[in-house]
2 protein chains.
Amino acid sequence: MAGRTTGRTPTLEDVARVAGVSRATVSRVVNGIRNVDQDIQEAVRRAIEKTGYAPNRAARSLVTRRAGAVALVVSGAGGHVFGDPFFGRVADGVVDFLRGHGVHPLLMLADTDAARDDILAHLREGGTDGALLVSTHPDDLLTSMVAVAGLPAVVFARTLQRLSYVDVENEVGGALAARHLLSRGCRNLATISGPLDVRTSNERLAGFRVEAGETPTVAGNFTVASGEEAMTTLLAGHPNVDGVFAANDLMAQGALAVLQSTGRSVPTDVAVVGFDDSSAALACRPKLTTVRQPVEDMGAAMAELLLARIQDPSLPPASRIFEPQLVIRDSA
Amino acid sequence: MAGRTTGRTPTLEDVARVAGVSRATVSRVVNGIRNVDQDIQEAVRRAIEKTGYAPNRAARSLVTRRAGAVALVVSGAGGHVFGDPFFGRVADGVVDFLRGHGVHPLLMLADTDAARDDILAHLREGGTDGALLVSTHPDDLLTSMVAVAGLPAVVFARTLQRLSYVDVENEVGGALAARHLLSRGCRNLATISGPLDVRTSNERLAGFRVEAGETPTVAGNFTVASGEEAMTTLLAGHPNVDGVFAANDLMAQGALAVLQSTGRSVPTDVAVVGFDDSSAALACRPKLTTVRQPVEDMGAAMAELLLARIQDPSLPPASRIFEPQLVIRDSA
DNA sequence: GTGAAAGCGCTAACAA
DNA sequence: TTGTTAGCGCTTTCAC
């Protein structure tokens with residue numbers, strides 16, 4: 001900072017001149033390479049301080065062929081992706097892991113074809129060293145997209161492609177919910193599933209049925225409003241329901257509202273179990289008993305898998321499966 | 001894609017050879033510069049197609065001195081920044097605006113000194129062309145940080161520094177809430193404010209008081225739980241409250257829960273107005289009447305201001321102030 | 001309208 | 001252990 005004499009931003013060359021050594025030596029010191037005399041290291045460090053030198057990322061990337069950044073590609077929720085707490089949690093986990101490694105994620109929204117082309121172009125231009133793909137509807141578009149670019153990538157949710165992925169045992173989660181409802185004495189169960197074209201939804205439902213058998217089911221679309229509608233429909237056909245499992249917390253929250261407005265008390269009359277353990281679960285009254293999905297950890301795992309793959313591209317695709325966990329609160 | 005013959009990724013040089021022109025010409029075509037013969041343009045385009053060429057970002061950045069990316073620096077909410085819908089909404093607005101310009105935001109979390117140093121270093125290395133600063137507690141740390149780096153920057157919330165900013169008229173929002181409560185006949189108002197060391201909180205409170213006069217007030221910290229506590233305290237001292245204004249939706253949601261659990265009906269017995277118009281406002285039952293803060297638009301405006309500043313660094317810092325808007329739903 | 005050539009700032013052989 | 005040198009792939013004067 002201090003003592004800068006020139007107008008240009010200082011380069012390796014400037015530091016070298018001040019320290020009385022060669023560019024290469026300065027580069028070595030900057031990059032923490034051994035084999036540099038202690039005294040010289042000290043002199044270089046002083047020169048760096050004096051000149052206010054900071055390495056130029058573009059120049060470095062050009063020769064190392066490393067961008068030092070990864071893409072966090074998201075899609076779903078109709079554009080307002082980050083308003084959705086799910087993506088936010090993933091992002092938190094990703095950021096938290098990455099920053100320990102001096103890497104930052106580049107946020108990209110893949111909601112239209114144009115956007116996808118744009119992202120693809122960016123990846124092909126070497127703007128990032130790899131990609132993290134997160135989508136509520138894991139479009140094949142999205143994954144194939146990266147396959148084309150030939151970059152390391154990690155997907156949230158199982159994938160058939162030769163890509164790494166991170167997922168949660170959704171069936172186990174559904175089963176957890178069913179067992180809990182059953183064990184508290186509920187005998188007339190019903191479920192509000194997610195959209196049936198989403199694998200995750202089906203898995204949660206399947207796991208639930210393994211334990212609870214076939215039960216009345218209405219599909220929602222993961223929103224509070226759809227949870228309300230579903231619950232209303234369910235109640236119309238089965239007024240004596242005493243336990244409901246919703247495939248996510250938002251729909252559970254909607255169910256809660258309908259239940260209460262029809263004079264039923266939760267959990268006394270009807271027990272409700274959600275899925276996710278999002279902030280909505282805690283904001284609800286009664287607080288939601290729910291199946292926790294360790295989303296932040298999963299985001300972190302994605303980042304970890306990706307970084308490993310970037311460091312050693314010869315590594316085969318890997319995966320990490322997480323176990324969901326029942327969090328018992330007040331709604332069941 | 002097709003016809004690639006070499007193992008390396010194709011460069012301008014390769015395209016030039018295939019098209020039978022010089023590197024410079026290819027560069028011109030790629031960058032859409034006029035003054036290139038139509039036929040040659042066509043030939044170059046074909047060569048690009050044939051070779052599967054994509055420009056190298058690092059190389060381009062090195063000479064243009066433009067990273068083609070901006071930093072989205074966030075802090076607050078103790079690390080789980082994006083779990084907070086507020087940041088998510090800002091991010092959505094930012095991403096939405098930026099993508100139209102081929103720019104993507106680099107996510108950075110400034111929650112510790114180490115993290116801030118890291119971010120500062122990144123900025124100084126030219127990793128981004130500017131920064132967007134968003135914090136619930138607009139630390140001076142954060143803003144001064146960028147001032148040092150000398151990069152264009154835009155802050156969410158008014159700032160004293162010579163930086164651009166975007167803000168909302170919080171006083172107006174508070175006044176809007178007060179007038180609404182008053183006009184529906186409430187005569188015993190109370191307010192749940194945000195932390196008193198946050199400017200935003202004070203502004204909302206001040207605006208409310210201009211219209212409603214001094215009313216019982218308890219400070220929360222923007223969480224549902226703190227809203228519950230505050231409402232409980234308020235009720236203990238003023239059981240006849242018939243209208244409450246909370247400085248954000250989450251606290252309003254907490255107030256709602258306490259009100260209902262003490263047998264009061266909303267809005268009949270007590271009317272409640274929140275602030276933000278976050279997703280929580282819609283998820284609540286009754287749905288929250290709230291003061292809408294156009295957060296996405298504000299995020300987009302930040303991005304717009306930043307891009308303008310990057311394109312023409314001689315531009316002076318600018319600002320944009322948004323008007324909040326009362327959204328009447330079911331709670332008041 | 002097009003090409004030749006000079007660099008942007010850095011790393012990484014290779015020599016010394 | 002240190003310095004010399006050759007690029008990385010691109011944009012951009014400056015001639016032609």
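Just so we're on the same page: letters track the sequence lines, and every chain starts at 1.
Taking side-chain N and O atoms only, A:S27 has a distance below 4.0 Å to OP1 or OP2 of C:dT11. Listed pair B:N56 / D:dC8 fails the phosphate criterion, with no side-chain N or O lying under 4.0 Å from OP1 or OP2.
Relative orientation of the A:F82 and B:F82 rings is tilted, given thresholds of 30° and 60° on the angle between their planes.
Straight-line distance from the CZ atom of A:R60 to the P atom of C:dC8: 18 Å, rounded to whole Å. When rounded to the nearest whole Å, the span between CD1 of A:I33 and C1' of C:dA13 equals 12 Å. Put simply, CD1 on A:I40 is 10 Å from P on D:dT1, counting in whole angstrom units. Atom CZ of A:R17 is separated from atom P of D:dT2 by 20 Å (rounded to the nearest Å). In this structure, CG of B:N31 is placed 7 Å from P of D:dT12, rounded to the nearest angstrom. With rounding to whole Å, A:D37 atom CG is found 10 Å from D:dT2 atom C1'. If you take CG of A:L12 and P of D:dT4, they are 15 Å apart, rounded to a whole angstrom. Protein atom CZ of B:R66 is 14 Å distant from nucleotide atom P of D:dT11, rounded to whole Å.
Using a cut-off of 4.0 Å between Lys/Arg side-chain N and Asp/Glu carboxylate O, B:R320 and B:D167 are scored as not salt-bridged. Between A:D14 and A:K50 there is no salt bridge, since no side-chain nitrogen of the basic residue lies less than 4.0 Å from a carboxylate oxygen of the acidic one.
Heavy-atom distances to DNA chain C give each of A:A58 and B:N35 a nearest nucleotide, and the one nearer the 5′ end belongs to B:N35. The residue among B:R23 and A:E13 whose nearest nucleotide of DNA chain C is located toward the 5' end is B:R23.
Relative to the side chain of B:T25, the nucleotides C:dT2, C:dT11, D:dT4 differ in distance, and C:dT2 lies closest. For B:A24, the listed nucleotide lying nearest its side chain is C:dA4; candidates were C:dG9, C:dA4, C:dG7. Of all nucleotides listed (D:dG9, C:dC10, D:dG3), D:dG9 comes nearest to the side chain of B:T11. Listed nucleotides D:dT11, D:dG9, C:dT2 differ in distance to B:V36; the shortest reach to its side chain belongs to C:dT2. Closest contact between the side chain of A:L62 and the listed nucleotides C:dC10, D:dT2, D:dC8 involves D:dC8. Distances from the side chain of B:Y53 to the nucleotides C:dT11, D:dC10, D:dT2 place D:dC10 closest. With D:dT12, C:dC10, C:dT11 as the candidates, the nucleotide lying closest to the side chain of A:P55 is C:dC10.
The base of D:dG3 sits with one of its N or O atoms less than 3.5 Å from a complementary donor or acceptor on the side chain of A:R28. A donor and an acceptor atom never sit less than 3.5 Å apart when one is taken from the side chain of A:R65 and the other from the base of D:dG9.
Atom OH of residue B:Y165 and atom CD1 of residue B:I321 lie 4.5 Å apart, to the nearest 0.5 angstrom. The CG atom of B:L72 lies 9.0 Å from the CG atom of B:L106; values are rounded to the nearest 0.5 Å. Taking CZ from B:R309 and CD from B:E304, the interatomic distance works out to 14.5 Å, rounded to the nearest 0.5 Å.
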